[in-house]
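For reference, the structure discussed in these notes is given below.
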Amino acid sequence: MSNEPQKRATIFDIANALGISHTTVSRALNNSPKVKISTRKKILQTAHKLNYVPNQNARGLNQGRTYTIGLFFTDLQNGTSALFLTSIILNIRSQLPENYFLSINSISSTDELGVFDGVIVVSQSKKDQIFIDKLISENIPVVVLNRHIKNRNIYNYWLDNYEASRKITLHALNSGSRNVGIIQGKSDYNSTHERSQGYLDALSFWTNKYPHRPLYRHLPLKGDYSSEGGYLAMKTLLQDLDNLPDYVFIESDDMAIGALKAINEASNLAKRIRISGFDDTKMAAFSIPALTTIHSPIAEMTTLGVATLNRLLNKGSSTNTPLNKRFECPIIFRETLPKK
């Protein structure tokens, strides 16, 4: 095996791969108006594929940019809803200037970071912190979405999973539910811990305030944020016909849709089982019955994230740009858990 260092890709390599002149590549990488947007996108894609890293000295002289924004998720394969991914990607892509290319990546398979002008991290796990710290150490503009990062001087916008989960569980209890269960998401995701804690704290509050109205708590079941997981977990809850739950808090809409299928398949249930989901995906309104859920304001969160990153890229600052912001998640009442 050769010990020679791997040759750094150049603009000539990009030009050869595309069959165009190196002048066109150079102009595209420096955002020249002489290059068509469609051509620039092809050049940026090829640059990313070849792990092209601009010469930092040259970038400093001409303020050149790659016009590539990195969008990084904790995991693109496991435990992340396809609808969640699609919603965030479409929202961010629609808000980027048209001359920017959006590169979608998993944190678990990161490439050379020098190709990115800026990065948006959609963080779901504390394990992502190593990657975020690396971005900061390399002075790459970064905005972190979805997970609250404590005591960090970084632009960070997240969803209030805890309070929404607590409120909807208390609503179910106030509506008469006394036999309750929970189907949880992926165990190493922050959203799972926050949503579960909101549910558990609501039960504790009820027990302390109304000791004469006892609750039966089923053991938590794992659904791993998938429809299949929600289906299998609900099938487990339905096995004991003499001790069926009357309310199940489910930590994502995907799992709730699977749970509804299990309920609809059961023809021998002695009582109605009320459920709620989380995220307010498009399919929630079209399930049978329509799913009560918690709305995740992804569009609002990503809008602020993109606007903030754009200011960072252009060396701008604004007193109107918050360093941190928590987004409230309202309950969307439908048929599976009525408002009254």
Side-chain angles (χ1 to χ4, degrees), residues 73-88 122 124-125 146-147 159-162 164-169 171-172 177 179-200 202-203 217-239 244-266 269 272-296 298 329-337:
F73 292 89
T74 299
D75 195 330
L76 288 170
Q77 301 296 326
N78 303 306
T80 303
S81 163
L83 290 173
F84 174 80
L85 288 172
T86 302
S87 178
I88 286 187
V122 182
Q124 294 166 292
S125 173
N146 198 56
R147 180 175 68 90
L159 306 178
D160 194 349
N161 292 294
Y162 169 83
S165 302
R166 191 185 72 86
K167 285 181 177 179
I168 200 168
T169 303
H171 173 78
S177 295
N179 189 318
V180 297
I182 181 173
I183 299 177
Q184 299 174 314
K186 197 171 174 64
S187 60
D188 59 343
Y189 278 15
N190 274 49
S191 58
T192 300
H193 295 287
E194 293 166 355
R195 295 172 187 183
S196 295
Q197 195 60 53
Y199 163 84
L200 292 171
L203 299 187
R217 308 184 188 190
H218 290 264
L219 292 175
L221 294 172
K222 298 293 184 183
D224 294 327
Y225 286 133
S226 70
S227 298
E228 295 83 357
Y231 174 82
L232 294 173
M234 183 58 73
K235 293 282 281 188
T236 299
L237 284 171
L238 298 180
Q239 288 178 355
L244 292 173
D246 50 30
Y247 171 66
V248 181
F249 173 67
I250 307 175
E251 294 183 351
S252 78
D253 287 354
D254 280 1
M255 294 191 296
I257 295 298
L260 272 179
K261 176 176 171 59
I263 293 172
N264 290 337
E265 288 178 352
L269 300 182
R272 179 188 178 188
I273 300 175
R274 296 184 292 185
I275 71 170
S276 63
F278 207 116
D279 290 328
D280 193 25
T281 57
K282 288 185 178 180
M283 64 182 178
F286 297 97
S287 64
I288 301 175
L291 180 65
T292 291
T293 186
I294 295 169
H295 175 71
S296 296
I298 291 173
C329 303
I331 300 172
I332 307 299
F333 288 103
R334 297 192 181 100
E335 296 172 340
T336 62
L337 178 63

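Between Asp280 and Arg334 there is a salt bridge, with a side-chain nitrogen of the basic residue lying less than 4.0 Å from a carboxylate oxygen of the acidic one.
Atom CG of Leu291 and atom CD1 of Ile332 lie 11.0 Å apart (nearest 0.5 Å). Between the CZ atom of Arg195 and the CD1 atom of Ile183 there is a distance of 14.0 Å, given to the nearest 0.5 Å. Between the CZ atom of Phe278 and the CD1 atom of Ile331 there is a distance of 9.5 Å, given to the nearest 0.5 Å. From Leu244, atom CG reaches atom CD of Gln239 across 11.0 Å, with rounding to the nearest 0.5 Å. Between the SG atom of Cys329 and the NZ atom of Lys167 there is a distance of 10.0 Å, given to the nearest 0.5 Å. Put simply, OG1 on Thr336 and CZ on Arg274 are 10.0 Å apart, with the number rounded to the nearest 0.5 Å.
Asn179 has its side chain within reach of His218: a pair of non-hydrogen atoms, C-beta onward, lies under 4.5 Å apart. Put simply, the side chain of Ser227 reaches to within 4.5 Å of the side chain of Asp254, judged on heavy atoms. No side-chain heavy atom of Phe73 sits under 4.5 Å from any side-chain heavy atom of Asn146. Contact annotation: the side chain of Tyr225 approaches that of Ser191 to within less than 4.5 Å [non-hydrogen atoms, C-beta and beyond]. The shortest side-chain heavy-atom distance between Ile275 and Ile263 falls under the 4.5 Å cut-off.
Judged as a side-chain hydrogen bond (donor to acceptor under 3.5 Å, both in side chains), and not counting sequence neighbours, the contacts of Thr281 are Asp253. Scanning for side chain to side chain contact (heavy atoms under 4.5 Å, CB included) contacts around Ser196 gives Ile182, Gln184, Thr192, Glu251, with sequence neighbours left out. Among residues two or more places apart in sequence or in another chain, the side-chain hydrogen bond (donor to acceptor under 3.5 Å, both in side chains) test is passed with Asn190 by none. For Tyr199, the ring-ring contact (aromatic ring centres under 6.0 Å, His included) partners two or more places apart in sequence, or in a different chain, are Phe249. The ring-ring contact (aromatic ring centres under 6.0 Å, His included) test applied to His171 returns Phe333, not counting sequence neighbours.
Considering all non-hydrogen atoms of both residues, Thr293 and Ala284 come closest at CG2-CB, 4.3 Å. For the residue pair Pro289 and Ser287, the shortest heavy atom distance occurs at O-OG, 2.7 Å. Closest non-hydrogen pair, Gly181 versus Pro245, comes out as N-CB, 4.5 Å. Between Ser125 and Thr74, the shortest heavy-atom distance links the atoms N-OG1, 3.8 Å. Smallest separation of non-hydrogen atoms from Glu335 and Ala290: OE1-N, 2.9 Å. Minimum interatomic distance between Ala256 and Ile250 (heavy atoms only, all atoms of both residues): N-CG2, 3.5 Å.
Counting only distance, with no hydrogens or angles, the side chain of His193 and the backbone of Ser187 share a donor-acceptor pair below 3.5 Å. Between the side chain of Thr169 and the main chain of Ala202, no donor-acceptor pair closer than 3.5 Å is present. Using modelled atom types, no side-chain atom of Ser165 and backbone atom of Gly198 make a donor-acceptor pair closer than 3.5 Å.
Taking a 6.0 Å sphere around NZ of Lys222, one finds it holds more than 12 heavy atoms contributed by other residues, nucleotides or ligands.
Remark: the Asp279 side chain and the Ser296 side chain contain an N/O donor-acceptor pair separated by less than 3.5 Å.
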Tell me which donor-acceptor pairs under 3.5 Å the side chains of residues 231-238 have, and how far apart each pair is, sequence neighbours excluded?
from   : atom 1 : to     : atom 2 : distance (Å)
Tyr231 : OH     : Glu265 : OE1    : 2.6
Thr236 : OG1    : Leu232 : O      : 3.2

